[in-house]
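Note that these values count all heavy atoms, side chains included, but never hydrogens, waters or copies made by symmetry. Protein chains get the first letters and strands the later ones, always in sequence-line order, with residue 1 at the start of each.
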Amino acid sequence: MNWKETYLRLADDVAIKVLEQPYLYSLSHDELYEINDEAKDFLEQCDGTSLGKELTDNAEFVEYCLTENLLEASDSPSPIKVPIVYGLNPSLRYLELNLLHKCNLRCAHCYLGEQDQKELPLASAIQITEQFAALGGLRLVITGGEPLLYKKLPEFLDTIAPLKLRRVLFSNGTLINDRTIKELNVDEIQFSLDGWEEGHNRLREAATFKKTVDAIYLAKANGIDVSIATMVHSYNLDQFDRLQSFVEEIEATDWGIDIMTVTGNLAAHQDFAVPYETAAPFLDYGYGGGYHGSSEGYACGRHVLAVLPDGSAVKCTFYQDSLGNAVEDLKQCWLNAKHIPLNDLTECQKCPALADCKGGCRFRAKTPLGRDPFMCIAYGIDAPE
Amino acid sequence: MADDRRIKMQCLLHNRQKQRLIVGERIPVLADLSQLTNLMFIAFKDSIDEDQVDILHPATEVKKLFAGEYGIFLSSCSRVVEVGEEIVSATLLTLWKGNPLVAFIMTCPTYQHKGFARQCLINIMSDLFDSGYIYLNLVVSAKNIRAVTLYRSLGFRNCITDY
Ligand code: SF4
């Protein structure tokens, strides 16, 4: 089919997001494409009412967009309203929405510690998500606790489905079954899988491995992307090769490997903690996780915000300092967030790995502008005392 | 459904500090042609990217590269890594539409996960910046998630700015 003689329209899962610069975002592939102003002007006109030849003569660009499934071509007009949203600078791209703190498990490493009964009311969860979408958000991470314990989860997911956001659910997988999977209107589920059976069950303090693996297969069978998050701990170090074959078999979109941060429950279960030197090589098993690349020149958290079940916004779930009430004004919460330029990381200035490491995790660093000792070891840099 | 997408990526070069040179890292020369041919075959055969090169005719691919058919071959900004006498990794650049392009990046399977490609790319990016280039481009198959992860960590972004 010659695209010049067809009606061009933006694909259903694609939106124009004008953040620090214009982007095209594909929700289903979670890809963020930088475009220029001319491309944006052209794509804004791809509303299914005009023939390709009336819009452009740039065959290379159009053909690339068609092969990437960013544009669709049809023989007859099929009008749409081209989704375009203008964000802030810096842009808020990723929101971690903690619907509740309740969980059905008591994992040894849980950073939440004592669980409370707080829940974000459905109306508030929707309100926050709508604000996030209006600010140009990309990925909404729906988490808790265990989000499947949130009674109105299906209603919440169905309500926010039309917003041009990628919906990612974080779950331990134990409550996902043939019935509940049908209610999970999401693009991706990230499962916590912390070892191959023994290591996983030990950390979870329950025999949940099989349930989680079954849930992963169920999600795949229902056309939902799957990603995996794994903690390195003292009882799973011999299980990473087996985990790797599984992760490859299920074609996980992302395998995040992390080390434990001694907070919450882990304070009472320190036998799970692994020395940094032992844990660092395991990071190489993982992939993905870079989201779409953070802005050059800033430390972690440049585009991320978390909202707790009481509606307060925080920098990330390790930090408790409230940036304001997200239900009332998510934008103001984001404007209240402080971003750390790499130039301010005094101890990292001479480090040859700074451009890649970006100072690692600010929570793990011993001082607000100090080094992250774990990343120093991972990059082979002399760690601070 | 198979994911056949080919992602165009671009990195804004900056004054990145050079990594230490890997032992055996050097600029490729014409005499490397046959070794590069062998490397292309073993690096791509049965890999996720096998369909990205003419795997039955790797010699033709490498000759075309040296002959400038994929854009002027930027040999001085390319790198090979030798272990003993054997080339085990190569990152080969051309000049395409005015910008440097990573035409081939390949590592012998037994030498993967040693950071050769990463370190070569960092050194190449530093050389390109010193030579006055602004961007480095590459095209990667979307299904090669590990490669995409590496490139993102080095500052590459999906990019279709050639409108
Ligand atoms: S490796 Fe250590 S010193 Fe270097 S940037 Fe990362 S945290 Fe800072």
Side-chain angles (χ1 to χ4, degrees), chain A residues 21-26 28-43 56 58 60-62 64-65 67-71 223 227 247-248 251-256 281 284-297 350-358 379-380, chain B residues 1-22 47-48 96-97 112-119 121-123 125-126 129 134-163:
Chain A
Q21 66 173 82
Y23 290 97
L24 207 51
Y25 182 55
S26 161
S28 59
H29 291 122
D30 195 19
E31 302 279 10
L32 187 69
Y33 300 83
E34 285 182 19
I35 53 174
N36 56 25
D37 288 329
E38 292 76 20
K40 174 185 143 276
D41 292 346
F42 158 70
L43 290 163
T56 185
N58 189 335
E60 190 181 335
F61 184 83
V62 174
Y64 182 75
C65 289
T67 55
E68 292 285 293
N69 306 321
L70 300 168
L71 278 179
S227 55
V247 166
E248 281 168 8
E251 297 179 332
T253 55
D254 187 305
W255 187 14
D284 287 343
Y285 278 92
Y287 59 79
Y291 290 77
H292 309 96
S294 60
S295 285
E296 291 297 329
K350 293 206 172 106
C351 174
L354 179 60
D356 298 325
C357 168
K358 298 190 166 68
Y379 278 98
Chain B
M1 198 173 66
D3 191 350
D4 294 328
R5 290 174 306 121
R6 305 267 299 139
I7 300 175
K8 293 182 185 184
M9 298 185 99
Q10 185 172 74
C11 177
L12 176 65
L13 299 165
H14 56 82
N15 195 5
R16 186 183 283 273
Q17 266 178 287
K18 248 190 199 123
Q19 297 277 305
R20 64 193 150 76
L21 282 188
I22 312 163
S47 79
I48 208 166
W96 185 254
K97 293 186 176 174
Q112 275 171 0
H113 310 303
K114 297 195 186 302
F116 288 168
R118 181 184 183 85
Q119 283 210 22
L121 266 173
I122 289 173
N123 291 339
M125 285 155 75
S126 169
F129 179 81
I134 297 171
Y135 295 107
L136 175 60
N137 293 333
L138 58 81
V139 181
V140 59
S141 131
K143 58 187 182 236
N144 194 348
I145 307 177
R146 285 191 183 272
V148 174
T149 304
L150 165 70
Y151 300 141
R152 287 223 171 111
S153 74
L154 291 174
F156 285 85
R157 309 278 175 260
N158 296 15
C159 198
I160 29 174
T161 48
D162 51 355
Y163 188 82

Worksheet item: Where on B:Ile7 is there a heavy atom nearer than 4.5 Å to chain A: the side chain, the backbone, both, or neither?
Response: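 Answer is both: backbone and side chain atoms of B:Ile7 are under 4.5 Å from chain A.
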Response to the item:
Honestly, the part of B:Lys8 sitting under 4.5 Å from a heavy atom of chain A is both
Is [X] close to chain B through its backbone or its side chain, or both, or neither, when contacts mean heavy atoms under 4.5 Å?
X: A:Leu70; answer: side chain
X: A:Glu251; answer: neither
X: A:Tyr379; answer: side chain
X: A:Tyr64; answer: side chain

Measuring from [X]:[atom1] to [Y]:[atom2], what's the distance to the nearest 0.5 Å?
X: A:Leu32; Y: B:Cys159; atom1: CG; atom2: SG; answer: 10.5 Å
X: B:Arg146; Y: A:Asp284; atom1: CZ; atom2: CG; answer: 8.5 Å
X: B:Ile145; Y: A:Asp254; atom1: CD1; atom2: CG; answer: 8.0 Å
X: B:Arg5; Y: A:Asn69; atom1: CZ; atom2: CG; answer: 7.5 Å
X: B:Gln10; Y: A:Glu34; atom1: CD; atom2: CD; answer: 7.0 Å

Discussion item. Can you confirm whether B:Ile48 is buried at CD1, in the sense that more than 12 heavy atoms of other residues, nucleotides or ligands lie under 6.0 Å from that atom?
Written reply: yes
Practice prompt. Check the surroundings of atom OH in A:Tyr285: do more than 12 heavy atoms from other residues, nucleotides or ligands lie under 6.0 Å from it?
Written response: yes
Worksheet entry | Of B:Arg157, B:Arg152, B:Arg6, the residue whose pairing with A:Glu31 passes salt bridge (charged side-chain N to carboxylate O under 4.0 Å, His left out) |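 Only match with A:Glu31 under salt bridge (charged side-chain N to carboxylate O under 4.0 Å, His left out): B:Arg152.
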Discussion item. Using a 4.5 angstrom heavy-atom cutoff, name the option from A:Glu38, A:His29, A:Glu60 with the most pairs to chain B.
Written reply: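 Max contact count across the listed options: A:His29.
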Worksheet item: Which pair of non-hydrogen atoms, one from B:Ile160 and one from A:Tyr33, has the smallest distance, and what is that distance?
Response: CG1-CB, 3.9 Å
Response to the item:
Sorted by chain and number, sequence neighbours left out, side chain to side chain contact (heavy atoms under 4.5 Å, CB included) with A:Val247 holds for A:Ile228, A:Ala252, A:Trp255, A:Tyr287
Fill in: side chain to side chain contact (heavy atoms under 4.5 Å, CB included) partners of A:Glu248, counting only residues at least two apart
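If we apply the side chain to side chain contact (heavy atoms under 4.5 Å, CB included) test to A:Glu248, skipping adjacent residues, the hits are A:Gln244.
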